[in-house]
Amino acid sequence: MSTSDAETLPRSAAVTDTPRLSVEGLGLHYGQSQILYDLSLIARAGEVTCVMGTNGVGKTSLLRAISGAHKASSGRILLDGADLRGTAAHVRARAGIGYVPQGRDIFPLLTVRENLETAYSCLPKSEHRIPDEVFELFPILRDFLGRRGGDLSGGQQQQLAIARAMMTNPKVLLLDEPTEGIQPNIIQQIGEVIRHLRGSRDIAIVLVEQYFDFAWDLADRFVVLERGRVIRSQAKADTDRDDLLSCVSV
């Protein structure tokens, strides 16, 4: 890690040169259409890696391929050096891939408590409890434990989805457009939660985000996609804000 990189990281989590997540030469097809082309990126513990680009360039497809929701047609996905190729999504979740998809995918007919308890499938029985940290970061969830997920606002559902992913103790947390359709006060809270996770856990965060100011404020590294390919990958310290904005704007 360069001196300039280190100076941008005033927090407690240690950042090392060894990637927590490595994506190498990833290809992805939907039927006959190729979506991702020879795509590579790394994400380190203690950093937020922000994947950016205009609509339709493959950002969500990338996260779904990492999570196991889509099967890559080529390349490797390594978690702490272990190749996840060919493993199912639930196996990756238990190995340490936490995923908050676009649209959140909470269970609308289950209560908030029951939604959180679905994370138990990734945990040993001795850890089948909702940690206090969830309610410290998302106080509203304590008040709404008995409320059905479908009765929550969009912002509250997003908080629930992030809290559920946190409970699995992920090594890598994938966040797909966490600010989409969310009111400003919740966006601010989600940003604070991401900073907390980055600074307090040995976790790599991969953030797909269209809200430029939110992404710029949080990211340590930027990966820009265009037509399913990486066209830029660099540390924030080496990135000109206006140049990046022009690159990801329509």
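In this text, all values refer to a predicted model and were calculated from it rather than measured experimentally.
In this structure, Leu78 stands alone, with no Ile, Leu, Val, Met, Phe, Trp or Tyr side-chain heavy atom under 4.5 Å from its own, directly or through other members.
You'll find the side chain of Phe214 reaches within 4.5 Å of the side chain of Leu207, heavy atoms only. In this structure, the side chains of Arg164 and Thr118 come closer than 4.5 Å at one or more pairs of heavy atoms. A heavy-atom distance below 4.5 Å is found between the side chains of Val223 and Thr49.
Taking the charged nitrogens against the carboxylate oxygens, Arg241 and Asp213 do have a contact shorter than 4.0 Å, which makes a salt bridge. Salt bridge absent: Arg64 and Asp176 never bring a charged side-chain N and a carboxylate O closer than 4.0 Å. Between Lys171 and Asp202 no salt bridge is recorded (no basic side-chain N to carboxylate O distance below 4.0 Å).
Here Tyr37 pairs with nothing under the ring-ring contact (aromatic ring centres under 6.0 Å, His included) rule; sequence neighbours left out.
Ser233 contributes atom OG, which lies 5.5 Å from atom CZ of Arg221 (distance to the nearest 0.5 angstrom). Atoms CG and OG1, on Asp220 and Thr239 in that order, are 11.0 Å from each other to the nearest 0.5 Å. Distance check: Ile42 CD1 to Leu21 CG gives 9.5 Å after rounding to the nearest 0.5 Å. For the atom pair CG (Leu145) and CD (Glu117), the distance works out to 9.0 Å, reported to the nearest 0.5 Å. A distance of 10.0 Å separates CZ of Phe138 from CG of Leu116, quoted to the nearest 0.5 Å.
Arg113 CZ: 12 or fewer foreign heavy atoms inside a 6.0 Å radius.
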Evaluation steps, side-chain contact (heavy atoms from CB on, under 4.5 Å), between Met167 and Ile130: CA-CA 7 Å; Met167 283 183 53; Ile130 302 173; 4.1 Å; yes
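The two residues Met52 and Ala215 come nearest to each other via the heavy atoms CE-CB, 4.0 Å.
Applying the salt bridge (Lys or Arg N to Asp or Glu O under 4.0 Å) test to pairs two or more places apart or on separate chains, those with a residue in residues 121-146 are Glu133-Arg201.
In this model, a donor atom of one side chain and an acceptor atom of the other lie less than 3.5 Å apart for Arg92 and Thr87. Side-chain N/O atoms of Glu180 and Gln102 include a donor and acceptor closer than 3.5 Å.
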